J.: 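Below you will find the structure I want to go over with you.
Sequence positions, counted from 1, serve as the residue numbers for this chain. What you are looking at is a predicted structure, and each value in this text was computed from that prediction instead of being measured.
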Amino acid sequence: MPESKAHAELLRSLHHGKLLVLPNAWDEASAELVVEAGFPVVATSSVAVAESLGHQDGEKAPWREMFAAAALIARAVPVPVTVDAEAGYGLAPEQLVAELLEAGAAGCNLEDTDHRAGGLTGTAAQADRLAGVRAAADAAGVPLVVNARIDVFLPPSGIPEPDRVAEAIRRGRAYRAAGADCVYPIGMSHAGDVARLVEGVPGPVNGNPGPALDPATLAALGVARVSYGPRFYRGGLAAMRGALEELRDSLR
């Protein structure tokens, strides 16, 4: 898998230096637009992919459909593709890595939400899973870039708000020690919290832009990577809805 290896190595290198900005895609056309705009990596959004296939997010879509969609995207673009693999769909690490590589992925997101039991997966159990994914990728000869999502800032986590930064740091350090290349505390919205986490967790951190956290601010805080999730997908639907309403009204 020489191309997969080269893409994974490139993706890893892009986490060090200039801010890596990832406007997430959901199909071949959106992925091609990302590349045409000059972005060096395509990231998928599980929300957008699942909804475009007629399913809800949160591992409600059949995993084979999700990987098939990722494969179509990877074949459509010449740049590395990192796949939002949710919590791994209950697949064993070896199978998960095999499916990712078969789809042409250079990296993946893996979140610590437990979609079956609810709440968060225990830190030790999630770290063991990440270590298994790292080992399987190494055994396959492809340095898959693992972005370990930390979901403590999401309301379903059950973590009290005052404890979330400390818990995210604790989990982030454990996930990095297990072999994750980057940690992704999704839902962080305050600059002070981002600064504490960047200082507390060694290695690259993935952030989300928001009203008080534009890409320049995140870069200044030390964030290595920024992703947009389903924002462009939903924006496209909103634009179409507006255009359709305008068309309907013009025909009255």
J.: Would you kindly confirm whether V152 and V183 end up in one hydrophobic cluster when ILVMFWY residues are joined by side chain heavy atoms under 4.5 Å apart?
T.: yes
J.: Same hydrophobic cluster for V205 and L22, using side-chain heavy-atom links shorter than 4.5 Å among ILVMFWY?
T.: no
J.: Give a yes or no on this: more than 12 heavy atoms of other residues, nucleotides or ligands lie within 6.0 Å of atom CD of Q95.
T.: yes
J.: So, does E102 use its side chain to make a donor-acceptor pair with the main chain of F67 at under 3.5 Å?
T.: no
J.: Between E111 (side chain) and R149 (backbone), is there a donor-acceptor pair under 3.5 Å?
T.: no
J.: Among the clusters formed by ILVMFWY side chains lying less than 4.5 Å apart, do V21 and V223 turn up in the same one?
T.: yes
J.: Please confirm whether the backbone N or O of A85 pairs with a side-chain atom of N109, one donor and one acceptor, at under 3.5 Å?
T.: no
J.: Looking at every heavy atom in both T121 and A125, which two are closest together, and how far apart are they?
T.: CG2-CB, 3.9 Å
J.: Quick one: does W26's side chain get under 4.5 Å of S45's, heavy atoms only?
T.: no
J.: Report yes or no: does H7 contribute a side-chain atom to a donor-acceptor pair with the main-chain N or O of P78 at less than 3.5 Å?
T.: yes
J.: Hey, is D112 close enough to R171 for a salt bridge, meaning N to O under 4.0 Å?
T.: yes
J.: Is E59 salt-bridged to R116, cutoff N-O under 4.0 Å?
T.: yes
J.: Taking all non-hydrogen atoms of both residues into account, name the closest pair between Y233 and S52 and its distance.
T.: OH-N, 3.6 Å
J.: How far does CE of M188 sit from CG of L221, to the nearest 0.5 angstrom?
T.: 9.5 Å
J.: Short question: side chain of N208, backbone of S227 - any donor-acceptor pair under 3.5 Å?
T.: yes
J.: How many angstroms lie between NE2 in H115 and OH in Y89, if you round to the nearest 0.5 Å?
T.: 8.5 Å
J.: Indicate the atoms forming the closest heavy-atom contact of A87 with L110, along with that distance.
T.: C-CD2, 4.2 Å
J.: Side chains of L53 and M66: does their closest heavy-atom pair fall under 4.5 Å?
T.: yes
J.: Taking all atoms of both residues into account, what is the closest heavy-atom pair of R134 and V146, and its distance?
T.: NH1-CG2, 3.7 Å
J.: For salt bridge (Lys or Arg N to Asp or Glu O under 4.0 Å), just list the numbers for R170 and E167, CA-CA rounded to whole Å, side-chain angles, deciding distance to a tenth of an Å, and then say yes or no.
T.: CA-CA 5 Å; R170 187 180 73 83; E167 178 65 10; 2.7 Å; yes
J.: For a 4.5 angstrom cut-off between non-hydrogen side-chain atoms, does L120 reach D114?
T.: no
J.: Please check: side-chain N/O of R173 versus main-chain N/O of P202, any donor-acceptor pairing under 3.5 Å?
T.: no
J.: Between S157 (side chain) and F153 (backbone), is there a donor-acceptor pair under 3.5 Å?
T.: no
J.: Report whether L10 and F39 are members of the same hydrophobic cluster (ILVMFWY, side-chain heavy atoms less than 4.5 Å apart, transitive linking).
T.: no
J.: Find the distance between CG (L144) and OG (S4) and round it off to the nearest 0.5 Å.
T.: 9.0 Å
J.: I want to check something: taking the side chain as every heavy atom from C-beta on, are R231 and N24 in contact at a cut-off of under 4.5 Å?
T.: no
J.: Has D151 got a side-chain atom pairing as donor or acceptor with L154's backbone, closer than 3.5 angstrom?
T.: no
J.: How long is the straight-line distance from CG of D249 back to CZ of R252, given to the nearest 0.5 Å?
T.: 4.5 Å
J.: Using atom types as modelled and distance alone, determine if a side-chain donor or acceptor of R225 lies under 3.5 Å from a backbone N or O of N206.
T.: no
J.: Return the minimal non-hydrogen interatomic distance between G104 and A74, and the atom names on each side.
T.: O-CB, 3.9 Å
J.: Starting from V79, can I reach V145 by hopping between I/L/V/M/F/W/Y residues whose side chains sit under 4.5 Å apart?
T.: no
J.: With a 4.0 Å cut-off on N to O distance, would you call E199 and R196 a salt bridge?
T.: no
J.: With no hydrogens and no angle check, just 3.5 Å: does a side-chain donor-acceptor pair link D84 and S46?
T.: yes
J.: What's the separation between atom CG in D27 and atom CG in L72, rounded to the nearest 0.5 Å?
T.: 9.0 Å
J.: With rounding to the nearest 0.5 Å, note down the distance linking CG in L130 to OH in Y175.
T.: 7.0 Å
J.: Which heavy atom of I73 sits nearest a heavy atom of V42, and at what distance?
T.: CG2-CG1, 3.9 Å
